[in-house]
Novice: 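First the structure, then my questions, so here it is.
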Amino acid sequence: MDTHDSSFPLIISVDDHTVEPATVWQDRLPEKYRDVGPRIVRAPVKEMTFLGGRFKPVMGRPGDDGPVGDWWVYEDLRRPLTRLDTAVGYDRDEIRLEVITYEQMRPGSYDVPARLADMDVNHVQSALCFPTFPRFCGQTFTEAKDHELGLLCVRAYNDWMLEEWCGPDAHGRLIPLPLIPLWDAELAAAEVRRNAARGARAVAFSEIPPYLGLPSIHTDGWDPFLAACAETGTVVAMHIGSSSRMPSTSADAPPAVGSTITYANCCFSMVDWLMSGKFEQFPGLKVMYAEGQIGWIPYILERADVVWEENRGWGGVADKVHRPPSELFAEHVYGCFFDDAFGLRNLDSIGVGNVLYETDYPHSDSTWPKSREVGEAQMGHLEPEVVERIVRGNAIELLGLTDEGLWPGGGAR
């Protein structure tokens, strides 16, 4: 591993992404499901828009005019691979919403040895990776018609994630992030425990479940899942967009509007959690917000404390939130950032122990291959021990990594 001639700590990124190889489900599903389970088809794009926070692709038929790309086909779903899925290595002005094939993406997007090499280039030791085709918390399988097949798809993804993506060839440098069947909290709890027994210490979840037609965390609907997470030390990891609805202002707002306010769902979600009573009901519970940035957190904590202090009588939380929300945040919540100089200047108002670093490889927002340089520029005013905690120490503690920053279940050789 290339450590560079730098005093900047080796990065543990808590938000990168994997583009699943074409065979993940075809290799693992029972034969009777292979014709309807997720599979790759090469076809032209007929139409594709991304407005008002909604992505709407339409697949053409083989032989039709139009750019050709690789599409995931699953039941009635047609979802193309796009340049936004894997943009690293391309000039920013060349990154457009367009379909691509596997051959047109950087191999580190889906290939373990190539990923490790790209991590070396970027001063990254270890990385936690969110999915692509299942979307950020597996909602693709929740929205499917056949939940028996959906459960098999969730388990197949998790088996691939732990056994191959994070397996021996990854040398402990890739950290598993399993999915759950979101439609059934008891099944979700069982899947948490199944993967925790194999060493997983995080699970993907939705920032705002009601946007997916699921119960809110103000109900008891998620309690079996949350109990399993608390009991096994499994962190609830929520990525921006894991509610299938990116923040926007109007149906015709260009993507730049949503891209500027991507933190907003994290903000709403965090207030939900702080006012839900779940952190007192499940004292061992930890949650993290991937790609949410951190600069917005101080005001929200200040306002939440004022509301709790002054308005809890009529605010519906007096009987379940017995401590100031800022105290609950300090014990249970982690903000994740890749480029937030403002947040780092206000670190004392957030908490050194509540901040994690990320690189967002291979997305268009990624700081690859200059994540070290970005970190050095934005953290230059901080003491070395503080930088160490933000860049790797907090992640090691939260995700149960070895002192060397490796996933202990990865079979490092």
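The model shown is predicted, which means the values in this text are computed figures rather than measured ones.
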Novice: Could you check whether D169 pairs with R115 (Lys NZ or Arg NE/NH1/NH2 to Asp/Glu carboxylate O, under 4.0 Å)?
Specialist: no
Novice: Identify whether the distance between the nearest side-chain nitrogen and carboxylate oxygen of R392 and E404 falls below 4.0 Å.
Specialist: no
Novice: Using salt bridge (charged side-chain N to carboxylate O under 4.0 Å, His left out), reason through E331 and K286 one step at a time and then give a plain yes or no.
Specialist: CA-CA 8 Å; E331 295 178 10; K286 309 278 187 180; over 6 Å; no
Novice: Looking at R83 and E94, does any basic side-chain N land under 4.0 Å from a carboxylate oxygen?
Specialist: no
Novice: If you measure from OG1 on T262 to CD on Q293, what distance do you get to the nearest 0.5 Å?
Specialist: 6.5 Å
Novice: Going through the distances and angles, do Y361 and N122 end up as a side-chain hydrogen bond (donor to acceptor under 3.5 Å, both in side chains)?
Specialist: CA-CA 10 Å; Y361 178 106; N122 201 30; over 6 Å; no
Novice: Considering non-hydrogen atoms only, spot the tightest contact between S371 and I11 and give its length.
Specialist: CB-CD1, 3.9 Å
Novice: Using a distance-only test with no angle check, is there a side-chain donor-acceptor pair under 3.5 angstrom linking E148 and Y33?
Specialist: yes
Novice: Would you call the rings of W273 and F279 parallel, tilted or perpendicular if under 30° counts as parallel and over 60° as perpendicular?
Specialist: parallel
Novice: Between F225 and W222, what is the ring plane arrangement, given parallel below 30°, perpendicular above 60°, and tilted in between?
Specialist: perpendicular
Novice: Would T86 and S109 count as a side-chain hydrogen bond (donor to acceptor under 3.5 Å, both in side chains) here? Give the steps.
Specialist: CA-CA 7 Å; T86 172; S109 303; 2.6 Å; yes
Novice: Decide if the gap between the ring center of Y357 and the ring center of F337 is smaller than 6.0 angstrom.
Specialist: yes
Novice: D70 and Q104: side-chain donor and acceptor closer than 3.5 Å?
Specialist: no
Novice: Would you call E163 and R28 a salt bridge, using N to O less than 4.0 angstrom?
Specialist: no
Novice: Go through the steps for D159 and R194 under the test salt bridge (charged side-chain N to carboxylate O under 4.0 Å, His left out), then give the verdict.
Specialist: CA-CA 10 Å; D159 291 346; R194 183 175 84 97; 3.1 Å; yes
Novice: Got more than 12 heavy atoms from elsewhere within 6.0 Å of OH, Y74?
Specialist: yes
Novice: Assign the ring pair H363 / H17 to parallel, tilted or perpendicular, where the plane angle (0 to 90°) is split at 30° and 60°.
Specialist: parallel
Novice: For atom CD of E397, decide whether the heavy atoms of other residues, nucleotides or ligands shown that lie under 6.0 angstrom number more than 12.
Specialist: no
Novice: Can you see which heavy atom on N394 is nearest to which on V352, and at what distance?
Specialist: ND2-O, 2.8 Å
Novice: Could you report the tightest heavy-atom contact between W72 and E20, atom names first, then the distance?
Specialist: CZ2-O, 3.6 Å
Novice: Drop me the distance from I300's CD1 to I350's CD1, to the nearest 0.5 angstrom.
Specialist: 12.0 Å
Novice: Taking all atoms of both residues into account, what is the closest heavy-atom pair of L177 and A237, and its distance?
Specialist: CD1-CB, 4.0 Å
Novice: Are H239 and E207 linked by a side-chain donor-acceptor pair shorter than 3.5 Å?
Specialist: no
Novice: For the side chain of R106 and the backbone of V88, is there at least one donor-acceptor N/O pair under 3.5 Å apart?
Specialist: no
Novice: To the nearest 0.5 Å, tell me how far E358 CD sits from D16 CG.
Specialist: 8.0 Å
Novice: Can you tell me if CG on D348 sees more than 12 non-hydrogen neighbours from other groups inside 6.0 Å?
Specialist: no
Novice: Can you tell me how far the CG atom of N354 sits from the CZ atom of F329, to the nearest 0.5 Å?
Specialist: 4.5 Å
Novice: For the pair T232 (side chain) and A196 (backbone), establish whether a donor and an acceptor sit closer than 3.5 Å, ignoring hydrogens and angles.
Specialist: no
Novice: Hey, is NZ on K46 packed in by over 12 heavy atoms from elsewhere, all under 6.0 Å?
Specialist: no
Novice: Under 4.0 Å between a Lys/Arg side-chain N and an Asp/Glu carboxylate O for E191 and R155?
Specialist: yes
Novice: How many angstroms lie between atom CG of L406 and atom CD1 of I12, to the nearest 0.5 angstrom?
Specialist: 8.0 Å
Novice: Do R201 and T234 have side-chain atoms, one donor and one acceptor, less than 3.5 Å apart?
Specialist: no
Novice: Taking E291 for its side chain and D15 for its backbone only, find out whether a donor-acceptor pair lies under 3.5 Å.
Specialist: no
Novice: Once you round to the nearest 0.5 Å, how far does CG of N265 lie from OG of S242?
Specialist: 8.0 Å
Novice: Any ion pair linking R79 and D85 (charged N to carboxylate O, less than 4.0 Å)?
Specialist: yes
Novice: Do the side chain of E75 and the main chain of K145 share a donor and acceptor less than 3.5 angstrom apart?
Specialist: yes
Novice: Under 3.5 Å, side chain of R345 to main-chain N/O of D340, donor-acceptor pair present?
Specialist: no
Novice: Is the backbone of T142 close enough, under 3.5 Å, to the side chain of H147 for a donor and an acceptor to pair up by distance?
Specialist: yes
Novice: When you measure from the side chain of D111 to the backbone of A114, do you find a donor-acceptor pair of N or O atoms at a distance under 3.5 Å?
Specialist: yes
